[in-house]
J.: 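First, the structure itself, so that you have it in front of you.
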Amino acid sequence: MITGSQMAAFGMACVVLIAVPGPSVLFIVGRALEAGQRTALTTVVGNALGTYTVAVIVSVGFGPVLQRFPACLTVLKFVGAAFLCWLGLVAIKNRKNVVVGVPGQPGQRRRDWAALRQGYVVGGTNPKAYVVFAVILPAFLRPDIEPLVAQMLILAVVPVVIGLLCDSVWAAFSSAARKWFARSAARMHRMSLLGGALMIGLGLTMAFT
């Protein structure tokens with residue numbers, strides 16, 4: 001159904017788009033600086049799941065709606081921006097309570113689920129994902145092969161996997177920097193403050209661009 005050249009061409013287009021840091025990357029960096037590697041990587045997984053959910057929504061018929069009513073993207077943009085600003089404010093408020101996470105510590109599973117949900121919401125409200133799946137992906141479909149929905153769902157895996165790998169790298173590098181700051185409580189507080197500020201800045205940037 002899907003040819004190798006078809007996936008390769010779409011993959012190259014996705015690499016170009018994903019290589020430019022967008023809302024997801026900045027969010028992952030902010031989470032890594034604020035809460036550490038485990039939370040950041042869990043957020044990456046949630047973001048990937050949210051992004052693929054966008055692909056499913058677009059594939060079953062939401063794409064034409066977005067093209068006919070561009071205001072829908074604006075609504076999604078403001079919802080995502082408000083959520084990011086809220087997460088940033090929470091991070092700043094709780095910066096003095098931050099500890100370096102270790103597997104098995106009390107409440108870790110609850111924090112993992114929270115990070116997964118938060119990443120899912122950010123991925124599901126990222127306007128860039130809707131543009132990729134509703135505008136760019138259809139250009140790589142083969143209309144002579146049915147069903148088109150199945151083609152879209154298969155091709156959608158390509159940017160999701162690329163984003164998952166790239167975001168994981170960003171999470172790892174940002175978490176490595178955080179470990180140095182963790183040696184000092186004052187530096188740790190400043191790092192959490194920076195992570196929260198990044199998320200707020202990202203939310204405001206999404207809202208006004």
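In what follows, residues are counted from 1 in the order of the sequence shown.
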J.: Output, in order, the C-alpha distance, side-chain angles, deciding distance and verdict of side-chain contact (heavy atoms from CB on, under 4.5 Å) for Tyr120 and Thr53.
T.: CA-CA 9 Å; Tyr120 184 86; Thr53 300; 2.9 Å; yes

J.: Specify the closest pair of heavy atoms between Ser59 and Met152, including all atoms of both residues, with the distance to one decimal.
T.: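 Between these two residues, the closest heavy atoms are OG-CB, 3.4 Å.
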
J.: So which atom in Phe133 and which in Val58 form the shortest heavy-atom distance, rounded to 0.1 Å?
T.: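 For Phe133 and Val58, the tightest heavy-atom pair comes out as O-CG1, 3.5 Å.
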
J.: Decide whether Val149 and Val54 are clustered together by the hydrophobic rule: side chain heavy atoms of Ile, Leu, Val, Met, Phe, Trp, Tyr closer than 4.5 Å, transitively.
T.: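 As far as the 4.5 Å side-chain criterion goes, Val54 and Val149 are connected within one cluster.
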
J.: Identify whether Val169 and Val160 are in the same connected component of the hydrophobic contact network (ILVMFWY, side-chain heavy atoms under 4.5 Å).
T.: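 Per the 4.5 Å side-chain linkage, Val169 and Val160 are not co-clustered.
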
J.: On a heavy-atom basis, which atom in Ala129 and which in Gly123 lie closest, and how many Å separate them?
T.: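 Between these two residues, the closest heavy atoms are CB-O, 4.3 Å.
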
J.: Do Ile28 and Leu164 belong to the same hydrophobic cluster, where Ile, Leu, Val, Met, Phe, Trp and Tyr are linked whenever their side-chain heavy atoms lie under 4.5 Å apart, directly or via other members?
T.: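 Hydrophobic grouping puts Ile28 with Leu164.
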
J.: Which distance, rounded to the nearest 0.5 Å, do you find between the CD of Gln37 and the OG1 of Thr43?
T.: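 Those atoms lie 12.0 Å apart.
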
J.: Under 3.5 Å, is there a donor-acceptor pair between the side chain of Tyr130 and the main chain of Gly124?
T.: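 It does hold such a pair.
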
J.: Tell me the closest heavy-atom pair linking Ala32 and Ser175, and the distance in Å.
T.: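 Taking Ala32 first and Ser175 second, the nearest heavy atoms are CB-OG, 3.7 Å.
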
J.: Exactly one of Arg111, Arg110, Arg109 should register a side chain to side chain contact (heavy atoms under 4.5 Å, CB included) with Trp113. Which one does?
T.: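 When Arg111, Arg110, Arg109 are each tested with Trp113, the side chain to side chain contact (heavy atoms under 4.5 Å, CB included) holds only for Arg109.
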
J.: Does the side chain of Val158 come within less than 4.5 Å of Ile162's, by heavy atoms?
T.: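 Yes; the side chains approach each other to less than 4.5 Å.
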
J.: Applying the 4.5 Å side-chain criterion to the ILVMFWY set and letting contacts propagate, would Phe173 and Val29 be lumped into a single cluster?
T.: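 No: no chain of side-chain contacts under 4.5 Å links Phe173 to Val29.
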
J.: Could you tell me whether the side chain of Arg38 reaches within less than 4.5 Å of the side chain of Asp112, counting heavy atoms only?
T.: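 They are in side-chain contact.
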
J.: Work out which heavy atom in Ala171 is nearest to a heavy atom in Leu41; give both atom names and the distance.
T.: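 Smallest heavy-atom distance, with atoms named: CB-CD2, 3.8 Å.
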
J.: Could you point out which residue of Asn47, Leu153, Val161, Ile57 forms a side chain to side chain contact (heavy atoms under 4.5 Å, CB included) with Tyr52?
T.: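 Of the listed residues Asn47, Leu153, Val161, Ile57, the side chain to side chain contact (heavy atoms under 4.5 Å, CB included) partner of Tyr52 is Leu153.
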
J.: Please answer: with hydrophobic residues joined when any side-chain heavy atoms are less than 4.5 Å apart, are Val45 and Leu165 in the same cluster?
T.: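 Hydrophobic grouping puts Val45 apart from Leu165.
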
